[in-house]
Amino acid sequence: MYNNPLPPNTPDSEQQLYQRALALAGYTMKELAEAAGLPIPENLKRDKGWVGMLLEHYLGACAGSKAEQDFPHLGVELKTIPVNAQGKPLETTFVCVAPLIGNIGITWENSYLRKKLRRVLWVPVEGERNKPLAQRRVGTALLWSPDNHEEQQLRRDWEELMDLIVLGKVESITARHGEILQIRPKAANSRALTEAIGEFGQPITTLPRGFYLKKEFTATLLSKHFKI
DNA sequence: TCATGATCATAT
DNA sequence: ATATGATCATGA
């Protein structure tokens with residue numbers, strides 16, 4: 001197998017990527033889909049990742065890549081985020097799967113979640129369900145890295161949640177754990193199972209989980225940047 | 001009304 | 001089943 005080749009149109013610097021993202025502001029999904037020659041679904045019920053894939057296309061992300069970020073050569077992760085008319089997030093943000101086994105030697109410093117969030121290109125897109133997908137517009141993109149405070153919040157939550165996983169308490173974790181990070185199911189359906197550690201240290205089978213950023217956190221980071 | 005738990009599509 | 005991309009939809 002070949003390694004993931006970079007797309008021919010991938011940006012070769014962070015600034016170029018950012019400028020390209022800024023240039024999308026104001027366009028509707030219909031305009032972008034038509035210009036790209038892509039069919040646009042009526043809604044996202046059966047195409048939940050459609051907006052993300054469309055933006056990946058425009059920004060030259062490595063589609064289908066198994067690399068650690070969308071732009072591995074730049075170390076940047078792309079996140080589209082659905083927002084309301086006031087720019088507030090309508091959904092939590094999926095970051096990555098929570099590892100339920102094989103966590104010996106895993107620390108915050110070398111964690112996959114930290115790596116994913118080191119540098120994020122946030123692209124807000126109107127996402128209110130009463131607005132037809134075709135009419136939804138792209139907002140102003142934001143390049144972000146966690147500041148010291150944000151990093152400490154992330155670290156505390158990650159360590160608390162990972163402790164529970166390692167101690168066999170994964171099935172007692174709810175979305176209410178964590179200040180800014182939460183763990184929720186991330187699966188095709190409730191019958192998809194994966195291996196984890198049970199309350200007596202024995203192997204169990206449970207729903208795959210993912211780390212998500214809570215809405216209040218992403219709302220704050222977006223507003224911080226756009227405030228005056 | 002809204003967050004939690006559940007789910008959808010596709011590629012490998 | 002796991003990874004990518006996330007949003008849906010129902011109970012509180």
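- The distance between atom CD of A/Glu128 and atom P of C/dC8, rounded to the nearest whole Å, is 12 Å.
- At least one side-chain heavy atom of A/Phe94 sits less than 4.5 Å from a side-chain heavy atom of A/Lys186.
- Rounded to an integer number of Å, the gap from A/Leu100 CG to C/dA1 C1' is 13 Å.
- Note: OH (A/Tyr58) to C1' (C/dG5) measures 18 Å, nearest angstrom.
- Rounded to an integer number of Å, the gap from CD1 of A/Ile101 to P of C/dA1 is 13 Å.
- In A/Tyr58, the OH atom is crowded: over 12 heavy atoms of neighbouring residues, nucleotides or ligands sit closer than 6.0 Å.
- Checking side-chain atoms of A/Gln202 against main-chain N and O of A/Phe200 turns up a donor-acceptor pair under 3.5 Å.
- Axis angle between the ends of the helix from B/dT1-C/dA12 to B/dT12-C/dA1, five pairs each and rounded to 10 degrees, works out to 30°.
- Here CG of A/Leu161 is found 5.5 Å from CZ of A/Phe211. Values are rounded to the nearest 0.5 Å.
- In this structure, A/Arg129 reaches the bases: a heavy-atom distance under 4.0 Å links it to at least one base atom across the strands shown.
- Counting non-hydrogen atoms under 4.0 angstrom, A/Leu193 reaches the backbone sugars and phosphates but no base.
- Note on A/Lys215: a side-chain N or O is less than 4.0 Å away from OP1 or OP2 of B/dA3.
- For DNA chain B, no neighbouring residue in residues 17-43 of chain A is found when judged by any heavy atom under 4.0 Å.
- Across all strands shown, A/Thr92 has heavy atoms under 4.0 Å from base atoms, whether or not it also approaches the sugar-phosphate.
- In this structure, A/Arg114 places its CZ atom where more than 12 heavy-atom neighbours from other residues, nucleotides or ligands lie under 6.0 Å away.
- A/Leu213 places its CG atom 14 Å from the P atom of C/dG5, with the value rounded to the nearest Å.
- Taking the side chain as every heavy atom from C-beta outward, A/Glu216 and A/Glu179 never approach each other to under 4.5 Å.
- The interatomic distance linking A/Glu91 (CD) with B/dA6 (C1') rounds to 12 Å, in whole Å.
- Judged by distance alone, the side chain of A/His225 and the main-chain N or O of A/Leu222 form no donor-acceptor pair under 3.5 Å.
- A/Glu126 places no side-chain N or O within 3.5 Å of a backbone atom of A/Arg136 that could act as its donor or acceptor partner.
- Although no hydrogens or angles enter the test, the distance criterion places a donor-acceptor pair under 3.5 Å between the side chain of A/Gln16 and the main chain of A/Asp12.
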Show me the protein contacts with nucleotides 7-9 of chain B, counting only N or O atoms at under 3.5 Å.
from: B/dT7; atom 1: OP2; to: A/Ser190; atom 2: N; distance (Å): 2.7
from: B/dT7; atom 1: OP2; to: A/Ser190; atom 2: OG; distance (Å): 3.0
from: B/dT7; atom 1: O2; to: A/Lys48; atom 2: NZ; distance (Å): 2.6
from: B/dT7; atom 1: O4; to: A/Ala187; atom 2: N; distance (Å): 3.1
from: B/dT7; atom 1: O4; to: A/Ala187; atom 2: O; distance (Å): 3.3
from: B/dA9; atom 1: OP1; to: A/Arg46; atom 2: NH1; distance (Å): 2.3

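- Look at CG on A/Leu44: it is 11 Å from P on C/dA9, rounded to the nearest Å.
- Each of A/Arg136 and A/Glu56 has a nearest nucleotide on DNA chain C; the 5'-most of these lies closest to A/Glu56.
- Computed from coordinates, the A/Arg184 CZ to C/dG11 C1' distance equals 15 Å when rounded to whole Å.
- When the nucleotides B/dA3, C/dT2, C/dC8 are ranked by their closest atom to the side chain of A/Thr194, C/dT2 comes out on top.
- Enclosure of atom CG in A/Asn189 by more than 12 non-hydrogen atoms of other residues, nucleotides or ligands within 6.0 angstrom is indicated.
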field: Verdict with supporting geometry, A/Leu213 and A/Val95, side-chain contact (heavy atoms from CB on, under 4.5 Å)
entry: CA-CA 7 Å; A/Leu213 295 173; A/Val95 181; 3.7 Å; yes
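- Remark: side-chain polar atoms of A/Asp157 are paired, donor with acceptor, to backbone N or O of A/Ile180 under 3.5 angstrom.
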